[in-house]
There are 2 protein chains.
Amino acid sequence: MPASDDAARLRKQGYRLTPQRLIVLDVVKRGEGHLTADEVHAAVVPQHPYINIATIYRTLQWLQDVGLVAPLAIGTGPLRYEYVWGETHHHLVCQDCGYEQEIGDDILLALKEQLQSRYAFSAQLHHLAIPGRCSACQQNTDSKDARPAQEHDV
Amino acid sequence: MPASDDAARLRKQGYRLTPQRLIVLDVVKRGEGHLTADEVHAAVVPQHPYINIATIYRTLQWLQDVGLVAPLAIGTGPLRYEYVWGETHHHLVCQDCGYEQEIGDDILLALKEQLQSRYAFSAQLHHLAIPGRCSACQQNTDSKDARPAQEHDV
DNA sequence: ATCTATGCAAATAATTTGCACAGCA
DNA sequence: TGCTGTGCAAATTATTTGCATAGAT
């Protein structure tokens with residue numbers, strides 16, 4: 001799904017395509033993981049030196065509006081953005097080592113169905129970051145937060 | 001589970017209990033829904049006029065460290081905090097009307113098991129906000145923000 | 001030519017930190 | 001009394017907005 005595809009679609013839909021928008025889209029698309037506005041900006045600068053951080057924010061907002069990127073609430077810190085590929089997917093994020101794994105949407109189907117049948121609630125889980133521990137880190141049995149009464153890990 | 005319970009536990013664990021901490025804890029505990037730092041501050045002021053917003057942030061951080069409150073990433077905007085009751089629970093948040101419903105943890109058990117067996121991943125879904133549409137809003141077939149180009153569900 | 005997007009700068013939010021003093025254990 | 005927590009103010013960080021102009025269609 002080349003960028004030109006998105007571009008053609010957007011142009012046809014009457015949106016104005018500027019180099020800034022194309023570059024930002026490209027960066028978000030090829031950026032692995034999830035980028036903050038700042039990271040996107042840094043990645044764009046080499047190709048478009050005078051681009052302003054405000055434009056990044058505006059463009060990311062616009063890309064959300066047209067459905068090409070989605071923000072990912074990853075807990076604390078600044079918002080992160082990711083390109084929305086055709087198929088919905090989710091992420092497993094290891095809280096110990098930071099490892100991320102992408103998983104399909106199918107695993108949430110059962111959950112969605114249950115929410116619908118039990119609560120008549122139609123869940124919109126487009127893009128979920130599921131925190132936890134990966135297999136490797138589960139084995140480090142570790143006696144973490146056996147906290148004596150102070151000293152907090154950060 | 002009266003606040004004094006938590007207080008006793010914390011004192012026993014060697015933490016220092018100040019009126020500020022007790023009031024903040026109390027506010028978060030009785031505050032329905034999820035409060036931002038600012039909202040907590042506003043709620044505390046009547047009882048403790050000179051409390052500073054920085055203290056709120058520090059206290060909320062501390063309450064997280066001792067496991068009494070948890071931050072809830074509710075998408076965009078400032079972080080929200082909620083008291084952690086004994087049993088884990090989650091929330092259904094309607095994106096149309098804002099209605100929130102609390103649901104038990106059991107509905108996620110199957111999901112957790114699948115993640116464990118398929119990905120060897122131990123999910124930590126302490127506190128999940130699940131966006132979607134409630135039954136009432138599903139019926140308003142809605143032609144919401146009919147954007148000239150097309151339209152995406154959010 | 002028209003109208004929207006951009007750059008710039010400044011405003012606003014949201015959160016953190018340094019430091020001297022207050023107050024809990 | 002000895003530390004730790006607090007208030008205050010200022011520093012950071014994150015995001016948004018007004019306005020004149022550049023640039024896409």
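Reminder, nothing fancy here: chain letters follow the sequence lines and each chain counts from 1. Since this is a predicted model, take the numbers as computed values, not measurements.
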[X] [atom1] to [N] [atom2], straight-line distance once rounded to whole Å:
{"X": "A:R21", "N": "D:dG23", "atom1": "CZ", "atom2": "P", "answer": "15 Å"}
{"X": "A:L22", "N": "D:dA24", "atom1": "CG", "atom2": "C1'", "answer": "11 Å"}
{"X": "B:R11", "N": "D:dT4", "atom1": "CZ", "atom2": "P", "answer": "17 Å"}
{"X": "B:L79", "N": "D:dT15", "atom1": "CG", "atom2": "P", "answer": "11 Å"}
{"X": "A:Q13", "N": "D:dT25", "atom1": "CD", "atom2": "C1'", "answer": "16 Å"}
{"X": "B:D65", "N": "D:dG5", "atom1": "CG", "atom2": "P", "answer": "11 Å"}
{"X": "B:L17", "N": "D:dT6", "atom1": "CG", "atom2": "C1'", "answer": "15 Å"}
{"X": "A:E39", "N": "D:dT13", "atom1": "CD", "atom2": "P", "answer": "14 Å"}

Report yes or no: does [X] contribute a side-chain atom to a donor-acceptor pair with the main-chain N or O of [Y] at less than 3.5 Å?
{"X": "B:R21", "Y": "B:R16", "answer": "yes"}
{"X": "A:H41", "Y": "A:I51", "answer": "yes"}
{"X": "B:E39", "Y": "B:T36", "answer": "yes"}

Original post:
Which pairs count as side chain to side chain donor-acceptor pair (under 3.5 Å) when at least one residue sits in residues 50-59 of chain B, sequence neighbours excluded?
Top reply: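 Found none.
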Original post:
Which atoms form the tightest heavy-atom contact between B:V84 and B:V69, and what is the distance?
Top reply: CG2-C, 3.6 Å
Subject >> Salt bridge flag under 4.0 Å for residues A:R118 and B:D106 >> reply: yes
Subject >> For chain B, the stretch of DNA chain C it reaches, first to last nucleotide, under 4.0 Å of its heavy atoms >> reply: C:dA14 to C:dA25
Subject >> B:Q20 side chain near D:dG7 phosphate (N/O to OP1/OP2, under 4.0 Å) >> reply: yes
**OP:** Would you mind telling me which residue lines up with the more 5' stretch of DNA chain C, A:T59 or B:A37, judged by nearest nucleotide?
**Re:**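 The residue mapped nearer the 5' terminus is A:T59.
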Original post:
Of B:T18 and B:Q61, whose nearest nucleotide on DNA chain C comes first from the 5' end?
Top reply: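 Upstream on the strand: B:Q61.
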Original post:
Is there a side chain to side chain contact (heavy atoms under 4.5 Å, CB included) between B:V28 and B:L68 once you walk through the steps?
Top reply: CA-CA 10 Å; B:V28 175; B:L68 285 177; over 6 Å; no
Original post:
Using a heavy-atom distance cut-off of less than 4.0 Å, which residues of residues 45-58 of chain B contact DNA chain C?
Top reply: B:A54, B:Y57, B:R58
Original post:
In Å, rounded to the nearest 0.5 Å, how long is the span from CZ of B:R9 to OH of B:Y15?
Top reply: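 Here the interatomic distance stands at 8.0 Å.
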**OP:** State, with a plain yes or no, whether a side-chain heavy atom of B:Y119 is found less than 4.5 Å away from one of A:I103.
**Re:**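 Yes. Closest side-chain heavy atoms under 4.5 Å.
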